[in-house]
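What follows is a single structure, written as structure tokens, with notes after it.
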Amino acid sequence: MSDANYALLNKEQKEAVFHTEGPLLILAGAGAGKTRVLAYRTAYLIEEKNVSPWNILMITFTNKAAQEMRDRVVSLVDYGDSVWVATFHSTCVRILRRYIDRLGYDSDFTIYDTDDVRTLIKQVIQELDLDPKMYKERAIAAWISSLKNDMITAEDAKKDAMGNFRAMKEAQIYEAYQKHCRQNNALDFDDLLLLTVQLLQRNEDVLEYYQQRFKYIMIDEYQDTNRVQFEFAALLAKKFGNLCVVGDDDQSIYRFRGADIRNILDFEKTFTGAKVVKLEQNYRSTTSILDAANAVISHNRGRKNKHLWSELGKGDSVGFRQYENGYQEAEEVIEKIRQEVRRGASYNDFAILYRTNAQSRAFEEKCVAMNVPYRLVGGVNFYQRAEIKDLIAYLKTIASGKDDVATARIINVPRRGIGKTTLDKLRMFADANDLSLMEAIEHAKNIPGIGRALPSLQAFSMIIEELRQFDGDIEELIREVIYVTDYESVLEEFEEEKQQTKRENIDEFLSKAHDFMAGWDEMEEPTLSNFLEEVALVADIDDLDEDENRVVLMTIHGAKGLEFPTVFLCGMEEGLFPSYMSINSGDPMDIEEERRLCYVGITRAKRHLYLSCARARTLHGEVNYNRVSRFIDEIPENMLETAGKGGKRTFFDSERGSGFSSGGSDFSWNLPKPQEKKKAPVTSAPASFGKDFTVQKSDGLSYSVGDRVVHQRFGLGTVKEIVDGKKDYEVLVDFDDFGEKRMMAGFAKLEKAN
DNA sequence: AGTCAGCGAGTTTTT
DNA sequence: CTCGCTGACT
């Protein structure tokens, strides 16, 4: 009947699963099976305790984790898909969409990412006539975020700032920023949580409704919750008290983002009578790897005492190498991977982890050069790329027009001769008449002194109006935006290679829109604002597909919650990891956080762990000479396999037998001697890197008027007309099932049908 | 009024 | 090295 087999659980796991009533803290070490415990606990509640799936709330940090959890629960128990599994942020959005009018916002609010926030703050600083050198939007944004995380409002900040000039100015920026957000009907990430808590606090009926609905609440990664998140959970759980949190204080790595480790450390104090279960058996890693992890983390103070152990045997020793520079490090790591693949390993057995995104470049270059397929996670978030943000800004403006940040972004993209002066006038006019920027544009002819810009503004206004009338799905709408705005001309300003990347990104964006439309039956409705919301709340990690046969490159932060057979932890250098910032801050807690990060990195490895660093590293065009990281020193020497007696100096092809291997493993660190190495046979690496895409050169098309062509989405059709545009062809196709469509050849991916 | 070129400054991790 | 801004030019 049930697929949940509770006998598979160990003693502690059972304890956690069967303890359903009252507050419960599950301290789950890395790889101790917490996802399984949460999924089983949910199944148990539904099957054995007759709890309705509808009454269960599970909160995770990423959409990916939520999806995995949902899949797990669905596979275990009937009606598992009725359990509310979501991230903090999307949970809050869902609540706010329904009730935010109680706080004076419209329910079609847009969501600001960090970029939008900075743009707006910069604008506010200007408006307040403050020196941008003194007040940097980056720092102010971080400051406002941390206040919001601690539930401190602008009014509170102003009170606290009394008598302090600078603090007063900063509080004013906060206040003005918040005012603009409200005018633009926009919420930043922190608002999503903060406003939800305020909503619940101020509206007894809403609170009552959700308390009643979520009788059982579970929160994953509890060590990374901040003050608002804590408040949100505590508020919802207050009525029934069934709050189950899972976390590991040793894996708390988001203090910089406001996470408060005390949430987990003080759980028992806050929720009196809480039961605590410790999961210390690790099912992921070998003892060698766990020993190294334990050795490092034991240097931290103020942690809950626990000791991970494993039954998986000793396994290979942890390897360590110091290379001359970052390029060499990258080359040898990639070469090692190639070697292992030749011996039967798969590319997706490997992850290359590093502290900062800047380190990814060397690895990427070597992957390309050495024909190793890879997947880069992180860096600049896909949706933050300029061309994508432009298109999103168009969509936002089309959808509501209240978001001035979006409108201002695209008002002159492509160039329409609407410059700073005109923008300033528009802003003044909008401000004086209580209009949005878009509304001001629509009334441009009433603005005195608008001068030559008037025709351009009217043209812009027409374009937006036209797009608002457009009848079609989101993917088609985006194509239409590109077409009617002549977005091509924006791309053409860049050099060939960059254009290429940008086109790929736009293609990917189109296919995401397509997927969104295709998958809509699972969601409420495929509206534009739903699409924009989804787009705002995705994290890089969310679309990592572990089944893809590629080496994964990402930061250690990104790797939390994941596991790989072989992990390369690179850049183990003082100043890089731990970071320069954390060493210089003077706050020992900063170093402790770095140490926890190191612990997270180490514990991602299942079978093989290779640590490495470089003597010299080029960063922003400057060469730095770094000492070996203190974290390496914290691992007893006998636990590390270094190369030769010179140890840390040598590369892995030094002497025979001095390689990274030990314990009779079939993996070894020995490489071919340099001369053999020159032209290693090309492996079976698929010749695809990064994203898949088809290139459609604009010189010459494979089809002509009258030809039958196939479109990815619209199927078969007949080419009616081809117009030679500036750089791309504009093609008119009469599709059998969809009628006539006009499209840019570069984006349409049309193929001649036979 | 808008655009372009040259100069200076800044760079941890991200829902 | 790349982004963003200031100041000169069209």
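Order of the sequence lines fixes the chain letters, A, B, ..., with proteins taken first and strands second; residue numbering starts at 1 for each chain. Here the structure is a predicted model, which means the values were calculated and not measured.
With hydrogens and angles ignored, a donor-acceptor pair under 3.5 angstrom links the side chain of A:His89 to the base of B:dT15.
The shortest distance between the side-chain N/O atoms of A:Asn357 and the OP1/OP2 oxygens of B:dT11 is not below 4.0 Å. Side-chain nitrogen and oxygen atoms of A:Lys420 include none within less than 4.0 Å of the OP1 or OP2 phosphate oxygen of B:dT3. Remark: A:Lys136 is not in phosphate contact with B:dA9, judged by side-chain N or O atoms under 4.0 Å from OP1 or OP2. For A:Lys122 and C:dC5, the shortest distance from a side-chain N or O to OP1 or OP2 is below 4.0 Å. For the pair A:Arg415 and B:dC4, the criterion of a side-chain N or O lying under 4.0 Å from OP1 or OP2 is met.
Considering only the side chain of A:Thr422, B:dG2 comes nearest among B:dG2, B:dT13, B:dA1. Candidate nucleotides B:dA1, B:dT13, C:dG4 were compared by shortest atom distance to the side chain of A:Thr421, and B:dA1 ranks first. Listed candidates were B:dG2, B:dT13, B:dT12. Nearest to the side chain of A:Ala453 is B:dG2. Here the side chain of A:Arg138 is nearest to one of B:dT13, B:dT15, B:dT12, namely B:dT12.
Side-chain polar atoms of A:Tyr254 and A:Asn226 form no donor-acceptor pair below 3.5 angstrom.
Between A:Ser579 and A:Asn412, the residue whose closest nucleotide on DNA chain B is further toward the 5' end is A:Asn412. If A:Gly417 and A:Glu593 are placed on DNA chain B by their nearest nucleotide, the residue sitting closer to the 5' end is A:Gly417.
Looking at heavy-atom distances under 4.0 Å, A:Thr555 makes contact with sugar-phosphate atoms alone, never a base. A:Lys425 comes within contact range of the sugar-phosphate backbone alone, with a heavy-atom separation under 4.0 Å but no base atom that close.
Side-chain atoms of A:Arg416 come within 3.5 Å of backbone N or O of A:Ile411 as a donor-acceptor pair. Remark: side-chain polar atoms of A:Asp250 are not paired, donor with acceptor, to backbone N or O of A:Ile297 under 3.5 angstrom.
Checked for salt-bridge contact, A:Glu221 and A:Lys34 meet the test: a charged N lies under 4.0 Å from a carboxylate O.
Note: CG (A:Leu426) to P (B:dG2) measures 10 Å, nearest angstrom.
Stacking of the aromatic ring of A:Phe256 onto the base of B:dT13 is found: the ring centres lie under 5.5 Å apart and the planes are inclined by under 30°.
In this structure, A:Tyr580 places its OH atom where only 12 or fewer heavy-atom neighbours from other residues, nucleotides or ligands lie under 6.0 Å away.
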